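Notes follow once the structure below has been shown.
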Amino acid sequence: MTLLDIFPSLRSGGMLPRLDPAVWPRETHYDADGRITVGGVALADIADQYGTPTYVLDESEVRARCRAYRKRFPDAEVIYAGKALLTRAVAEWITDEGLSLDVCSAGELAVALSSWVDPQRIVLHGNGKPFAELKTAINCGVGRIVVDSMTEITLLAALATRPQQVMLRVTPDIDVHGHPAVRTGVTDQKFGFPIGSHALAEAVDRIVRQSNLELVGLHCHIGSQIYDTFPYGEAVRRMVGEMARIRDEHDLTLTELDLGGGHAVAYRSGDAEMNLPELADIIEDSLDAACQRHGFPRPHISLEPGRAIVARAGITLYRVLSIKQVEGGHTYVTVDGGMGDNSRVALYGVRYDAVVANRHPTGPMMTATIAGRYCEAGDILATDVRLPVDLRPGEVLAMPCTGAYHHSLASSYNGVGRPPIVAVRDGDCRELIRRETIDDLLARDIGR
């Protein structure tokens with residue numbers, strides 16, 4: 001007997017709450033049996049077929065978010081930040097939708113090229129690019145390389161056999177007051193050249209003296225999880241001012257301005273997130289004002305969303321292993337994953353939510369802490385989560401908004417293999433990345 005037999009009104013959907021579209025893919029619903037479906041596929045069925053933990057990725061959601069950026073920024077180049085999540089399929093989806101791609105390593109570059117991404121639509125980033133990776137990027141013909149140090153200028157000048165477009169990463173001294181690990185716009189940090197500094201002036205001078213390097217613009221990235229649009233307007237004003245200074249001092253008019261990404265998403269209901277129409281307006285207004293003030297021709301704008309494209313498209317599935325009530329303390333729900341597949345809680349203190357995916361609870365609820373399986377006291381996935389009192393081992397929990405920086409940051413800590421990625425769309429599912437096995441782990445161990 002199912003809930004539908006006891007409560008027929010559930011069949012109409014009237015008693016089933018709508019899963020918050022701020023944190024779930026738009027095509028998320030309850031089916032007739034009270035199970036959560038994404039892209040027309042029941043999450044419980046995915047857990048049964050592929051095991052847990054498993055990353056689920058809604059292809060339609062990824063594509064829709066690419067289109068939203070193209071709609072709001074029709075004259076800009078939208079460059080997907082591959083570090084958020086990069087697989088061959090994701091590279092195909094985002095380039096199909098008209099986005100370019102940024103990569104930070106030879107590995108990410110290889111994934112992109114194996115998906116037939118046009119090298120001219122690839123941007124190479126990173127503050128520590130090894131010689132071999134710069135050589136690979138140049139030989140592959142990547143469109144632009146973002147220079148982050150004097151050493152890179154020397155290496156690129158030695159490696160480039162034909163004109164290579166480069167941009168300089170600039171820190172505009174803008175503090176977004178977020179987690180210290182993601183405040184990348186302040187002056188004293190590892191990325192880029194401080195705005196207005198002698199180091200930046202010297203970097204410009206070194207590049208313009210190289211006949212095989214073409215300095216086309218400046219790049220900045222002011223931080224992550226930013227929901228206030230004002231810092232982007234300030235970044236435009238400062239960066240255009242710096243471009244005007246370079247013009248006056250070096251007789252060089254730069255044509256490209258890359259404003260990076262960092263656009264906030266909501267991880268739990270009620271979280272603030274970036275408003276794209278407002279962001280588009282403030283960039284346009286600031287650009288007009290700054291260019292008019294400095295008599296500078298309007299540069300071509302680029303943006304680099306990553307998390308904002310894939311975070312909400314992802315859900316992670318876990319199975320409950322045990323429920324433990326500590327007298328006078330918390331209720332711990334231990335699942336079969338944890339910091340190996342989601343390190344962001346431990347790294348950044350991110351707060352997630354989770355719900356039962358295999359049924360719709362109708363009884364009393366409890367407040368619980370979802371604990372991971374790893375041998376670390378800090379292996380906690382979520383706190384203050386509302387779960388049914390009658391939760392049992394073996395049930396499936398779904399954690400929304402886990403499409404970004406989960407697979408890409410995953411590890412095999414404690415000898416636990418990394419989860420698979422399963423894509424869903426229009427009622428079908430397919431495996432994009434298979435589960436890492438013990439045989440995979442042993443294959444790398446050659447110390448006998």
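Given the structure is predicted, the values throughout are model-derived calculations rather than measurements.
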Requested in this report: Answer yes or no: does atom CG of L441 have more than 12 heavy-atom neighbours from other residues, nucleotides or ligands under 6.0 Å?
Outcome: yes

Requested in this report: Mind running side-chain contact (heavy atoms from CB on, under 4.5 Å) on M399 and N342 for me, showing each step along the way?
Outcome: CA-CA 11 Å; M399 183 171 288; N342 181 358; 4.0 Å; yes

**Report entry** Closest contact, heavy atoms only, V265 versus C401
**Finding:** CG2-SG, 4.1 Å

Report task. Check the pair V310, W93 against side-chain contact (heavy atoms from CB on, under 4.5 Å), reporting the backbone distance first and the verdict last. Result -> CA-CA 11 Å; V310 294; W93 300 346; over 6 Å; no

Query raised in the report: Given the rule in the side-chain contact (heavy atoms from CB on, under 4.5 Å) test, do V236 and L259 qualify, once you have shown the distances and angles that lead to the verdict?
Result: CA-CA 8 Å; V236 168; L259 296 173; 3.6 Å; yes

Report task. Could you tell me which non-hydrogen atom of T171 sits nearest to which non-hydrogen atom of P194, and how far apart they are? Result -> OG1-CA, 3.1 Å

Report task. Under the side-chain contact (heavy atoms from CB on, under 4.5 Å) rule, collect the residues that match up with I282, sequence neighbours excluded. Result -> T229, L279, S286

Query - V320 versus V335, closest heavy-atom pair with distance - result: CA-CG1, 4.4 Å

Query raised in the report: Do H219 and H125 pass the ring-ring contact (aromatic ring centres under 6.0 Å, His included) test, and can you show the C-alpha distance, the side-chain angles, and the key distance before you say yes or no?
Result: CA-CA 10 Å; H219 170 280; H125 274 279; 4.6 Å; yes

**Report entry** Electrostatic pair E304:K83 at N-O distance under 4.0 angstrom
**Finding:** no

Query raised in the report: Taking S408 for the side chain and A404 for the main chain, is one N or O donor matched with an acceptor at less than 3.5 Å?
Result: no

Report summary line: Test side-chain contact (heavy atoms from CB on, under 4.5 Å), reference T54, set V422, T316, L43, output is V422

Requested in this report: Only counting residues at least two apart or in another chain, list the ones meeting salt bridge (charged side-chain N to carboxylate O under 4.0 Å, His left out) with R67.
Outcome: E97

Query raised in the report: Between A84 and Y80, which heavy-atom pair has the shortest distance, and what is it?
Result: CB-OH, 4.0 Å

Report task. Let me know which of L276, N275, V78, I283 forms a side-chain contact (heavy atoms from CB on, under 4.5 Å) with R72. Result -> L276

Query raised in the report: Do the rings of Y55 and H406 sit parallel, tilted or perpendicular, given the 30° and 60° boundaries?
Result: perpendicular

Requested in this report: Answer with yes or no whether the side chains of D440 and T437 bring together a donor and an acceptor at under 3.5 Å.
Outcome: yes

Report task. Working to the nearest 0.5 Å, report the span between CG of D258 and CD1 of I79. Result -> 5.0 Å

Query - Note, V333 side chain near L391 side chain (heavy atom, < 4.5 Å) - result: yes

Report task. Determine the interplanar angle of the Y232 and H263 rings, folded into 0 to 90°, and report it as parallel if under 30°, tilted if 30 to 60°, perpendicular if over 60°. Result -> perpendicular

Requested in this report: Please answer whether the main-chain N or O of L57 pairs with a side-chain N or O of R425 as donor and acceptor at a distance below 3.5 Å.
Outcome: no

Query raised in the report: Just wondering, more than 12 heavy atoms not from Y227 lying within 6.0 Å of its OH?
Result: no

Query - Carboxylate-amine/guanidinium proximity below 4.0 Å for E395 and R392 - result: no

**Report entry** Trace of the side-chain contact (heavy atoms from CB on, under 4.5 Å) decision for R238 with E242
**Finding:** CA-CA 6 Å; R238 296 187 187 188; E242 186 66 24; over 6 Å; no

Requested in this report: Output every pair passing salt bridge (Lys or Arg N to Asp or Glu O under 4.0 Å) with a member in residues 309-319, not counting sequence neighbours, ordered by first then second residue.
Outcome: D48-R319, E273-R312

Query raised in the report: Parallel under 30°, tilted from 30 to 60°, perpendicular over 60°: which one fits the rings of Y332 and H330?
Result: tilted

Query - Close side-chain approach of V117 to I122, heavy-atom, < 4.5 Å - result: yes

